[in-house]
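Lettering follows sequence order; numbering is per chain, from 1.
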Amino acid sequence: MLPLSYLREHTEKIKEGLAKRNFPHPELVDKLLETDQKRRSLQSQLDETLSKSNQLAKEIGILFKSGQDEKASVLKSKTAELKSTGKVLQEQLQNLEVALLSIRTQIPNIPDESVPSGNSENDNEEVFSAGSIPNLKENALPHWELAAQYDLIDFDLGSKITGAGFPVYKGKGAKLQRALIQYFLDKNTAAGYTEFQVPHLVNEDSGFGTGQLPDKEGQMYHIPEDGLYLIPTAEVPLTNLLRNQLLEAKDLPICMTGYTPCFRREAGSYGANVRGLNRLHQFDKVEIVRFEEPQNSRAALDQMVDHVKSILEELELPYRILKLCGGDLGFTAALTFDFEVYSTAQKRWLEISSISTFKSFQSERLQLRYKDRNGKKQAVHTLNGSSLALPRVIAGLLENHQTPDGIKLPKVLVPYTGFEIIN
RNA sequence: AGAGAGGUGGCCGAGUGGUCGAAGGCGCACGCCUGGAAAGUGUGUAUUCCGUUAUCGCGGAAUCGAGGGUUCGAAUCCCUUCCUCUCUGCCA
């Protein structure tokens, strides 16, 4: 959510930013300003009315105390009108506030200046690539066939007990999952992130705080009976840990990491894109989240990118980093770097991590602020990224490290798995 | 799940209809005192919104878990809801 004061003062900048992401409803900005203007004038009227009633109430109180009941009764009759206008104004104000919030939540974040313009993923800018794409034989297998061949993952069993998109991991497949989670958490905590274990269900306020609600309601599994949502990412519970807080400058930065399963309905997905581990309803992910002072948030983003790079290098996977263009940027993000691992058998790139800065966009929703060194209250900048999402890491490992003898694991994982090869 | 008790400022805690945004204490900040510190002592110490202002500030409104109601007036009374604690039940 964009701060209203910023919106008032930098309207043109905001419109330019929205144009960069091809936001289809630029007229919402003017509508928002107009509604805000109305709200403020209504607020002044209401405050004035309440001020008068408060004054009268005080006088009545004093009169009653001094026994001048008759005078008090006269004043009492005067309050009726104030009261009814106050009520009307209050109702109008409430309606306007609802309208204002509804418009505000429809306007996405403004892209960072460095974000390239573009309409789709084809316009993303490759900023880095590493690792050589292995020259596999013609008969290189996609990960779902390898998973079946080595009995690592059973998609049919998952369908049987739950449904499509809920795989069952077995034997070395299950062990590999556990090893990766442990390895990622160790890497993250070694880099200064504090580990958290958080609930996998969150309430509506949390969904709103990080921006999943109200717009992406259909993407989350919902338990109406209890008013709870299954988390689509650990970003939601982790970031919301600091909802409604006023921090001190000395508290920052705050760096968190956490492993959780992630649940996504992925309505509307189909075809080869959802084959095997490519897209699931439940998957495991280790997330990193940071809270930063605004002047440090850009450097923090680069640190996060470097951190994930070091993981992919240890995993010996061919990858590239893309800077997302305006048209491909998520609703809440100001700047995003996507990591993609090359799927040798599928001959395409798979998104494996997404690292974003939200600047103050989430904090505005979360009501998360801090007092800077001058004692001035400011919005905290939030950032997050996957470090890392398991299914596509596994897809990448299986496909890129397949040999005639089996899947050779990178050295860094062996202490965690207890085996070097899957055969 | 049933019965009872309770949720007040950074923390503890008083306050059951009238200048209460809230006594008192602790903590914290600044000053005095001191060679320095402790002790002592003085002052200050919530957030949000609106208006005004170059700035400090000033004026108004709201907030005592949350939302509604009664009343001229609510931290205080009533209703709903969330959370915490105690007992009973159930259970990994």
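Side-chain contact check for Gln212(A) and Gln219(A): no donor-acceptor pair (N or O, by modelled atom type) lies under 3.5 Å. Side-chain atoms of Lys187(A) and Ser387(A) form no donor-acceptor pair, as typed in the model, at a separation below 3.5 Å. Residues Gln92(A) and Gln45(A) have side chains that never bring a donor and an acceptor to within less than 3.5 angstrom of each other.
The separation between Leu247(A) atom CG and U47(B) atom P is 13 Å, rounded to whole Å. The distance between atom NZ of Lys58(A) and atom C1' of G73(B), rounded to the nearest whole Å, is 11 Å. Atom-to-atom, CG of Asn203(A) to C1' of C83(B) comes out at 12 Å; the value is rounded to the nearest Å. As rounded to whole Å, 13 Å separates atom P of C72(B) from atom CG of Leu75(A). Rounded to whole Å, atom P of G68(B) lies 11 Å from atom CD of Glu91(A). Counting to the nearest Å, the C1' atom of U19(B) and the CG atom of Leu63(A) are 13 Å from each other. With rounding to whole Å, Lys87(A) atom NZ is found 11 Å from G68(B) atom P. Distance, Leu228(A) CG to C82(B) P: 12 Å, rounded to whole Å.
When atom types are taken as modelled, the side chain of Lys323(A) and the backbone of Leu335(A) share no donor-acceptor pair closer than 3.5 angstrom. Counting only distance, with no hydrogens or angles, the side chain of Thr79(A) and the backbone of Leu75(A) share no donor-acceptor pair below 3.5 Å. In terms of modelled atom types and a separation under 3.5 Å, the side chain of His281(A) and the main chain of Arg265(A) share a donor-acceptor contact. A donor-acceptor pair under 3.5 Å links the side-chain atoms of Lys20(A) to the main chain of Asp112(A), judged by distance alone.
In this entry A23(B) has no Watson-Crick or G-U wobble partner, no candidate having both defining distances under 3.5 Å. Using N1 to N3 plus N6-O4 or O6-N4 for Watson-Crick, or N1-O2 and O6-N3 for G-U wobble, each under 3.5 Å, A38(B) pairs with nothing. With a cut-off of 3.5 Å on both Watson-Crick or G-U wobble distances, the partner of G44(B) is given as C28(B). Both distances falling under 3.5 Å, in either a Watson-Crick or a G-U wobble arrangement, place G59(B) opposite C50(B). Across the strands present, A5(B) finds its partner in U84(B); the criterion is a Watson-Crick or G-U wobble pair with both atom distances under 3.5 angstrom. In this structure G89(B) sits in no base pair that meets the Watson-Crick or G-U test at under 3.5 Å. Across all strands shown, G17(B) has no partner, as no Watson-Crick or G-U wobble contact with both distances under 3.5 Å is found. Base pairing annotation: G67(B) forms a Watson-Crick or G-U wobble pair with C79(B), both donor-acceptor distances under 3.5 Å.
Dashed line: the shortest gap from a side-chain N or O of Lys371(A) to OP1 or OP2 of U47(B) is under 4.0 Å. The shortest distance between the side-chain N/O atoms of Lys76(A) and the OP1/OP2 oxygens of U71(B) is not below 4.0 Å.
When the C1' atom is used for both G6(B) and G60(B), the distance is 35 Å, rounded to whole Å. For the C1' atom pair drawn from U47(B) and G9(B), the interatomic distance equals 10 Å after rounding to whole Å.
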Protein-proximity profile, nucleotides 48-63 of chain B, B/S/- by nucleotide at the 4.0 Å heavy-atom cutoff, equals SSSS--------BSS-

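At the heavy-atom level, Gln94(A) lies under 4.0 Å from the strands shown only through sugar-phosphate atoms.
Between Glu293(A) and Arg373(A) a salt bridge is recorded (basic side-chain N to carboxylate O distance below 4.0 Å).
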